[in-house]
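To keep things clear, I will list the structure first and then write my remarks on it.
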Amino acid sequence: MLSPLAANTILRQRYKLTKIVGQGGMGSVYRAEDLRLPGRLCAIKEVQPDPTAQSSWRMQEHQQFLQEASILAKLDHPNLPKVSDFFTENSRDYLVMDFVPGDDLKTIIDKSAAEGKQIPIHTILNWANQMVDALRYLHQQDPPVLHRDIKPANIKLTPDGRIKLVDFGLVKLLAEDDVRTITVVQGRGTALYTPLEQYGGDQTHTDTRSDIYALAATLYHLFTLQPPPLAQTRFLNPYVLRRPRTLNEAIPAWVEEAVLWALAMHPDDRPDNVDLFWEAMQGQRQLPVVDTRGVLQRIWEQNRWLFIISFVLFTLACYLTIV
């Protein structure tokens with residue numbers, strides 16, 4: 001991984017980096033000043049190439065970045081930061097978007113938990129409505145755009161009370177066959193909020209229902225101040241997921257049922273789209289009864305080799321630790 005750029009670095013003779021605000025395995029995110037538009041702050045996401053990849057593959061990744069960044073730049077929604085520019089400099093790709101002030105929802109959750117105070121239900125529902133609106137917009141694009149890393153840390157609350165889904169780092173475009181997808185930046189999402197099907201890699205099927213799972217996992221955390229258990233843990237023990245109302249009695253029963261519906265292990269047992277999910281969140285939809293044993297059987301049949309390999313690697317790791 002390449003080192004982050006220093007403060008005061010100027011990119012494209014326009015963007016002066018003032019602070020690094022995030023860093024991961026694929027690059028960094030910076031706050032920057034736009035020297036052409038004094039007073040404008042922007043966030044610049046850096047996408048570093050894989051130094052171990054062959055040059056032909058790196059070129060393919062670069063072309064893919066340019067193609068998908070151009071699509072992201074066309075998105076325009078009040079709950080999404082506007083992508084205003086993208087470019088390549090010194091073998092690194094950059095995505096420029098509006099800088100969003102305010103705290104992310106993970107910070108708000110941690111503060112509420114530390115104070116022992118639940119976040120008001122009506123406040124969370126207001127945020128949920130805005131998140132649903134943003135996902136509806138993304139999923140209705142042609143082709144649909146998937147986020148694949150919805151989590152509290154990637155959702156900001158601006159000073160004027162607006163929700164912004166800020167990180168496009170794992171955005172995916174559904175291909176025409178609706179099975180294989182293309183990624184701007186390789187990644188698997190954040191474990192606590194990631195559905196099981198997303199662990200299979202880029203050749204497995206993910207669709208809008210994967211984003212719905214992550215949204216429900218985020219809402220579970222907001223409502224209860226506790227994250228849901230990992231999808232892998234739930235596969236091994238279907239009863240490990242506690243019902244939200246056992247952690248927060250103020251949650252309406254229909255809201256609890258909607259969140260649990262969207263957290264179904266198998267995509268076929270979740271809402272088909274965010275509109276159905278939002279109707280359920282408002283108590284306007286009769287929810288289906290999920291056959292848990294049938295769900296686990298389907299997941300096992302579709303992912304058995306993934307689980308076998310994971311189990312072998314886990315056993316080997318335990319053995320080497322003991323030895």
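Nothing fancy with the numbering, it's 1 onward along the sequence.
With sequence neighbours left out, Arg209 forms a side-chain hydrogen bond (donor to acceptor under 3.5 Å, both in side chains) with Asp207, Asp268. Among residues two or more places apart in sequence or in another chain, the side-chain contact (heavy atoms from CB on, under 4.5 Å) test is passed with Asn273 by Asp275, Leu276. For Tyr137, the ring-ring contact (aromatic ring centres under 6.0 Å, His included) test picks out His77, with sequence neighbours left out. Here Arg243 pairs with Thr246, Glu256, Glu257, Leu260 under the side-chain contact (heavy atoms from CB on, under 4.5 Å) rule; sequence neighbours left out. Every residue meeting the side-chain hydrogen bond (donor to acceptor under 3.5 Å, both in side chains) condition with Ser84, not counting sequence neighbours, appears here in chain and number order: Arg40. Residues that satisfy the side-chain hydrogen bond (donor to acceptor under 3.5 Å, both in side chains) test with Ser112, not counting sequence neighbours, are absent from this structure.
Look at Glu197 and Arg270 and you find a salt bridge, because one of the NZ, NE, NH1 or NH2 atoms lies within 4.0 Å of a carboxylate O, short of that distance. Under 4.0 Å is where a charged nitrogen must lie from a carboxylate oxygen, and between Arg12 and Asp85 at least one such pair does. Here Lys156 does not pair with Asp103 in a salt bridge; the nearest charged N to carboxylate O distance is not below 4.0 Å.
Looking at heavy atoms from C-beta onward, Phe86 lies in side-chain contact with Leu66 at the 4.5 angstrom threshold. Proximity of Phe277 to Leu219: side-chain heavy atoms (C-beta onward) are separated by under 4.5 Å at one or more points. Leu41 has its side chain within reach of Glu33: a pair of non-hydrogen atoms, C-beta onward, lies under 4.5 Å apart.
Atom CG of residue Leu5 and atom CZ of residue Arg92 lie 4.5 Å apart, to the nearest 0.5 angstrom. Atom-to-atom distance recorded for Leu146:CG and His139:NE2 is 5.5 Å, nearest 0.5 angstrom. Within the model, atoms CG of Asn79 and NZ of Lys164 stand 7.0 Å from one another, a figure rounded to the nearest 0.5 Å. Atom NZ in Lys151 sits 9.5 Å away from atom CG in Leu192 (nearest 0.5 Å).
Side chains of Asn248 and Thr224: a donor-acceptor N/O pair is absent below 3.5 angstrom, by distance only. With no hydrogens or angles considered, a side-chain donor-acceptor pair links Asp104 and Thr107 at under 3.5 Å.
Checked by atom type and distance alone, the side chain of Thr18 pairs as donor or acceptor with a backbone atom of Arg31 at under 3.5 Å.
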